[in-house]
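The next block holds one structure in the form of structure tokens; read it before the comments.
Every chain is numbered from 1, with letters handed out A, B, ... down the list of sequences.
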Amino acid sequence: EAQVTQNPRYLITVTGKKLTVTCSQNMNHEYMSWYRQDPGLGLRQIYYSMNVEVTDKGDVPEGYKVSRKEKRNFPLILESPSPNQTSLYFCASRRDRPNYGYTFGSGTRLTVV
Amino acid sequence: AQTVTQSQPEMSVQEAETVTLSCTYDTSENNYYLFWYKQPPSRQMILVIRQEAYKQQNATENRFSVNFQKAAKSFSLKISDSQLGDTAMYFCAFMIMDSNYQLIWGAGTKLIIKP
């Protein structure tokens, strides 16, 4: 089944403790992206990647890192999480023809206390 | 700035009724795509319908259709014969055809279908 797999689904952590949210897609998509969803704000792009070893900042990149060493994987790294990073996070990928839209992972609910 | 506005934070209708969710957007670009996504309580983002800006004909997908008014920058979603399974958050988004192809999202409309 074609899908984007995110882990974990839920995560509670403490301020300053480094964490990684994994994302993997099995559709051979070149483009991958991370979004955060906050009430009343919709989704906002954190980082995106056009291909292996090619990443760039989205609209809200502060406090986040990403890497793209393999085509299928695009992990999101929070080096020193803070409470304002409490949010719902989505990984997404898309095929070359962008009019087909994106395929999203199931989301990661992160709480930083 | 490119923005999407969904003016209805929450709506509720009776099962089998027709409901229309509004969406307006602002962009100076001429080439873009528009989408409606559904997010049920499971949190999964599901593509409902898409529309190419260069096409005048409104897109339809079974019970879902859009009213695309390019000059007015309006992209409303109509759900006919609404079902309990339609209960979800609905997000309007558009995608500019630049190097990023980023999706710009509205804040969402919570739709409740009552039995």
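- Aromatic ring orientation, Tyr37(B) versus Phe104(A): perpendicular (interplanar angle above 60°, classes split at 30° and 60°).
- With a threshold of 4.5 angstrom between heavy atoms, Ser106(A) approaches chain B through its backbone and through its side chain.
- Heavy-atom distances place the backbone of Thr108(A), and not its side chain, under 4.5 Å from chain B.
- Tyr102(A) and Tyr31(A) have perpendicular rings, their planes meeting at more than 60° on a 0 to 90° scale where under 30° would count as parallel.
- The number of heavy-atom neighbours closer than 6.0 Å to CD of Gln14(B), taken from other residues, nucleotides and ligands shown, is above 12.
- For the atom pair CD (Glu15(B)) and CD (Gln83(B)), the distance works out to 7.5 Å, reported to the nearest 0.5 Å.
- Interface remark: Leu41(A) contributes backbone atoms only to the contact with chain B (heavy atom separation under 4.5 Å).
- Exactly one residue among Tyr33(B), Tyr32(B), Phe35(B), Trp105(B) makes a ring pair (Phe, Tyr, Trp, His ring centres under 6.0 Å) with Tyr25(B). That residue is Tyr32(B).
- Of the listed residues Arg44(A), Arg109(A), Arg9(A), the one with more heavy-atom pairs under 4.5 angstrom with chain B than any other is Arg9(A).
- The residue among Asp38(A), Thr103(A), Leu88(A) with the most heavy atom pairs within less than 4.5 Å of chain B is Leu88(A).
- Within the 4.5 angstrom heavy-atom criterion, no atom of Leu34(B) approaches chain A.
- Under the 4.0 Å criterion applied to side-chain N and carboxylate O atoms, Glu79(A) and Lys65(A) are assigned as salt-bridge partners.
- Ranked by non-hydrogen atom pairs under 4.5 Å with chain A, the options Gln39(B), Glu52(B), Gln6(B), Gln51(B) are led by Gln39(B).
- For Arg43(B), the parts sitting under 4.5 Å from any heavy atom of chain A are the backbone and the side chain alike.
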